[in-house]
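This report refers to the structure that appears directly beneath it.
Predicted model, so just to flag it, every value in this text is computed and none were measured. Here is the naming used below: chain letters follow the sequence lines, and residue numbers restart at 1 for every chain.
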Amino acid sequence: MSTTSTQKLTLQVAGREQPLEVAVGSCAFDWFEDYPDLPKDAVAIRLDGKVIDLKRPVEAGEQVEFLDWADPAGREVYYHSCTHLMAQAVMELFPDAKPTIGPPIEEGYFYDFDVPKPFTPDDLAKIEKRMRKKAEQRIPVERFEMPRLDAIGLFKKEGNPYKVEVLEELEDDTVSFYKQAEFTDLCRGPHIPHTGYLKHFKLLNSAGAYWRGDEHNPMLQRIYGTAAPSKEALEAYLHKLEEAKERDHRKLGRELDLFSIHEEAGPGLVFWHPKGARVRNIIENFWRTEHYRRGYELVYGPHVQRENLFRQSGHLENYKENMYAPMEIDGSNYYAKPMNCPGHILIYKNQLHSYRELPIRYAELGTVYRYERSGVLHGLLRVRGFTQDDAHIFCRPDQLEAEIQGVIDLADYMMRAFGFDYKLSLATRPEKSIGSDEVWDFSIAALRKVLEGLGRPFEVEDGGGAFYGPKIDVKLVDALGRDWQGPTFQLDFNLPERFDVDYIDSDGDKKRVVMIHRTVLGSMERFMGNLLEHYKGAFPMWLAPVQVKVMTITDDSLDYARQVRQRLLAADVRVELDDRNEKIGYKIREAEAQKIPVMLVVGKKEASDNLVSVRERGRVDVGTMSLQEAIEYVQSKAAAPAPDTV
RNA sequence: GCCAACGUAGCUCAGCCGGUAGAGCAACGGUUUCGUAAACCGUAGGUCGAGGGUUCGAGUCCCUCCGUUGGCUCCA
């Protein structure tokens, strides 16, 4: 192809000193011959910012990058091609199937098929086997184009309404297809040059999935899979999945005897065992102290409230499908509360408030009940009864910015106290919303200003707010790098209107209050689940339900061991004594399994000299010290994180 | 709610083509009194999630229900 008459193109390669001299109309795949140093494991190139196939002829351009697995875009190509390989295998094995969409996702890919019968686990094995065969055959993947209208006609003839729908939504006149052997799919690409690139992949599971995620649409069958550039990387990924199972809060909750959920009592309803309740109490006490310190007032509201209240708040109108059915008492209906806000408004409205009193901040560890669809319940993370760390701030417009600043400071402090990193996002006005432009613009500007002042990146979700106000979401990032819904701060332009929530301003006029809903931990249940997975059940000292386990070598030192326990109890240490007639290795094994941070071993030697042998969780033998020293050692590690800002 | 898989002793799991339930750990009773992740011997423990059906016979097959798990907005 490098004949002298062809026109040349000069391309700069990132990280390569010499530019490439290539023929106009040649493709990246050809360049490997002339430039052996180019990365042969690349799966696509980025030409002036656009990701294209290795086999796509290049007519013009300046900058080129070779994309391999290390590049997110390269990884997408790999996943995407792998899902095409899967679709090819499925279409060969199940000719009745209609392919729909199959994108790459975070750590793999899926493909949705409309099939007469759902796939069985056996089917997945067969599909994967066929994929392997297809990969070995190194089938060329060819790209071609077609006018969009022709493509619509084609799929209409084929009887595939899904592809037709996708095509009808596109705006381009021409669309691209990729063909490998008999399998052809409408696809934007790019793709690998041939199926031999795909060597290490695995199908993970299949599940029903509604077309476009809408339950009014037909249910398709989705197959999830993953892939990796090497056997080791694939195994590492599968190992990571196993690791995540080890951290599962449901497993840890059972093993550490923290909580349980019972069919007899109802799905999604949590029982906190003594040890779980202890951790929860520590968190709640920490939370209460911090709230008083920051000028919140703590309140309590009843768990059931009259129908009229929820009619006025609009919950019965807009939220009824999430509410438990009413109970009739003395001729009127009562509902289990799904939210705490109406109650806090009643407290606020119990008297008139001067502008001088604001802001008023009511906080409550408020237990609410919400009907969640059975399919979405999940351990502690999605339940039907839970205790929110809720608060409502009533303030003047000129206080909004400072109040938002205050809740962000509080959230930041809490997240750091519990060891979480976090990400921020701002959700702005959606299409369907209430309130004037002026109020929305003012509020969003205030939220944005506070966020910008943090010097931290934040995302903006345009139109992601609720109909009644914009919000800031905080996502916590746990030890495995997973995101969880954490604190949220939500402005509300609706409830103050519905309830006439006012204050008397300096000019003597009634003015409408600005209302902020906010939570920093979310709910005690979900937060406990997040904490458990984050720490893998190994709580830091200040949260550990049992901080110290005293254990005897033989019964001879029992009396002394009881004294040790008494001394620790007197020093407010959460301590248990293992006085069973068992070998020390057995006791340690059990204490390790229970993830108790400190073990104090006492035998004859210690008893005679008022000593204890200290062992820390995770095979760390700290050595022998006096009982008094040990108490100080434990106390030094047991303090709650100090408040650094008020 | 929908799709699929699963539900056997407190826990983890075995139980083939239907013949009437088994292991390890935990519990309990003994023996042992022992220095940093499992001492030994023994005992007890199950209406096999619930209900119905098929069958001479069901943990195993079928149906209904309950629960659990994974998935159901990541636009060719």
Next item on the list: Classify the nucleic acid contact of A:Gly618 as base, sugar-phosphate or nothing, counting any heavy atom under 4.0 Å across all strands shown.
Entry: nothing
Margin query: Using 0.5 Å steps for rounding, measure from the CG atom of A:Leu611 to the CG atom of A:Leu600.
Written below: 11.5 Å
Checklist line | Euclidean distance for P, B:G49 against B:U12 (whole angstrom) | finding: 14 Å
Notebook entry, point to check: Across the strands shown, which category fits A:Ala207 at heavy-atom distances under 4.0 angstrom: base, sugar-phosphate, nothing?
Noted result: base
Item checked: Taking every non-hydrogen atom, the tightest pair across A:Glu215 and A:Arg373 -> OE1-NH2, 2.9 Å
Next item on the list: With P as the reference atom in both, quote the distance from B:C63 to B:C3 in angstrom, rounded to an integer.
Entry: 14 Å
Next item on the list: Could you check whether A:Arg222 gets within reach of a base, just the sugar-phosphate, or nothing at all, counting any heavy atom under 4.0 Å?
Entry: sugar-phosphate
Notebook entry, point to check: Think A:Arg250 has a side-chain N or O under 4.0 angstrom from the OP1 or OP2 of B:U69?
Noted result: yes
Notebook entry, point to check: In residues 256-269 of chain A, which ones come under 4.0 Å of RNA chain B, going by heavy atoms?
Noted result: A:Glu263, A:Pro267
Notebook entry, point to check: Between A:Thr554 and B:C34, does any side-chain N or O lie under 4.0 Å from OP1 or OP2?
Noted result: no
Check: CD of A:Glu106 versus C1' of B:G71: gap in Å, rounded?
Finding: 17 Å
Next item on the list: To the nearest 0.5 Å, tell me how far A:Asp172 CG sits from A:Glu145 CD.
Entry: 10.0 Å
Note to self: Among residues 599-609 of chain A, which ones have heavy-atom contacts with RNA chain B below 4.0 Å?
What the structure shows: A:Val601, A:Gly603, A:Lys604, A:Lys605, A:Glu606
Checklist line | Residues A:Gln628 and A:Arg567: side-chain donor-acceptor under 3.5 angstrom | finding: yes
Checklist line | Residue A:Val376, side-chain heavy atoms: nucleotide from B:C34, B:G1, B:C2 that is nearest | finding: B:G1
Check: Base, sugar-phosphate alone, or nothing: which one does A:Tyr371 contact when heavy atoms must sit under 4.0 Å apart?
Finding: sugar-phosphate
Check: A:Leu377 near the nucleic acid: base, sugar-phosphate alone, or nothing, with a heavy-atom cut-off under 4.0 Å?
Finding: sugar-phosphate
Under 3.5 Å, sequence neighbours excluded: what are the donor-acceptor pairs made by side chains of residues 91-100 of chain A?
from: A:Glu92; atom 1: OE1; to: A:Arg130; atom 2: NH1; distance (Å): 2.7
from: A:Glu92; atom 1: OE1; to: A:Lys134; atom 2: NZ; distance (Å): 3.2
from: A:Glu92; atom 1: OE2; to: A:Lys134; atom 2: NZ; distance (Å): 3.2
from: A:Lys98; atom 1: NZ; to: A:Gly159; atom 2: O; distance (Å): 3.4
from: A:Thr100; atom 1: OG1; to: A:Asp112; atom 2: O; distance (Å): 2.6

Checklist line | Phosphate-side-chain proximity, A:Arg212 and B:C74, N/O vs OP1/OP2 below 4.0 Å | finding: no
Note to self: Of the options B:A37, B:C72, B:C3, whose atoms approach the side-chain atoms of A:Gln221 most closely?
What the structure shows: B:C3
Contacts under 3.5 Å, N or O only, protein and nucleotides 8-16 of chain B:
from: B:U12; atom 1: OP1; to: A:Arg254; atom 2: NH2; distance (Å): 3.0

Note to self: Would you measure the distance from the P atom in B:A58 across to the matching atom in B:C48 and give it in whole Å?
What the structure shows: 12 Å
Margin query: With rounding to the closest Å, how many angstrom separate the P atoms on B:G67 and B:U55?
Written below: 32 Å
Check: If you measure from the C1' atom in B:A26 to the same atom in B:G42, how many Å do you get, rounded?
Finding: 16 Å
Notebook entry, point to check: Donor-acceptor pair under 3.5 Å: do we get one between A:Asp555's side chain and the base of B:U33?
Noted result: yes
Next item on the list: Please state the P separation for the pair B:C25 and B:C41 - nearest whole angstrom.
Entry: 10 Å
Check: Distance from A:Leu198 atom CG to A:His84 atom NE2, nearest 0.5 Å?
Finding: 11.5 Å
Next item on the list: Name the nucleic acid region contacted by A:Ile101, choosing base, sugar-phosphate or nothing; use a 4.0 angstrom heavy-atom cut-off, strictly under.
Entry: sugar-phosphate
Next item on the list: Output yes when at least one side-chain N/O atom of A:His216 is less than 4.0 Å from OP1 or OP2 of B:C2, else no.
Entry: no
Each nucleotide N or O in nucleotides 25-29 of chain B that has a protein N or O under 3.5 Å away: list the pair and distance.
from: B:A26; atom 1: OP1; to: A:Tyr586; atom 2: OH; distance (Å): 2.7

Checklist line | B:C56 versus B:A38 - spacing of their C1' atoms, nearest Å | finding: 49 Å
Checklist line | Evaluation steps, side chain to side chain donor-acceptor pair (under 3.5 Å), between A:Glu533 and A:Trp484 | finding: CA-CA 11 Å; A:Glu533 305 212 354; A:Trp484 301 98; 5.6 Å; no
Item checked: Nearest-nucleotide 5' precedence on RNA chain B, A:Asn205 against A:Ile553 -> A:Ile553
Next item on the list: Please list all pairs passing the salt bridge (Lys or Arg N to Asp or Glu O under 4.0 Å) test where one or both residues lie in residues 178-195 of chain A, with sequence neighbours left out.
Entry: A:Lys163-A:Asp185
Next item on the list: With heavy atoms under 4.0 Å as the rule, sort A:Gly375 into base, sugar-phosphate or nothing.
Entry: base
Margin query: Side chains of A:Lys471 and A:Ser425 only: does a donor on one sit below 3.5 Å from an acceptor on the other?
Written below: no
Notebook entry, point to check: Across the strands shown, which category fits A:Gly208 at heavy-atom distances under 4.0 angstrom: base, sugar-phosphate, nothing?
Noted result: base
Next item on the list: Ignoring hydrogens and angles, answer whether the base of B:G1 and the side-chain atoms of A:Tyr210 contain a donor-acceptor pair closer than 3.5 Å.
Entry: yes
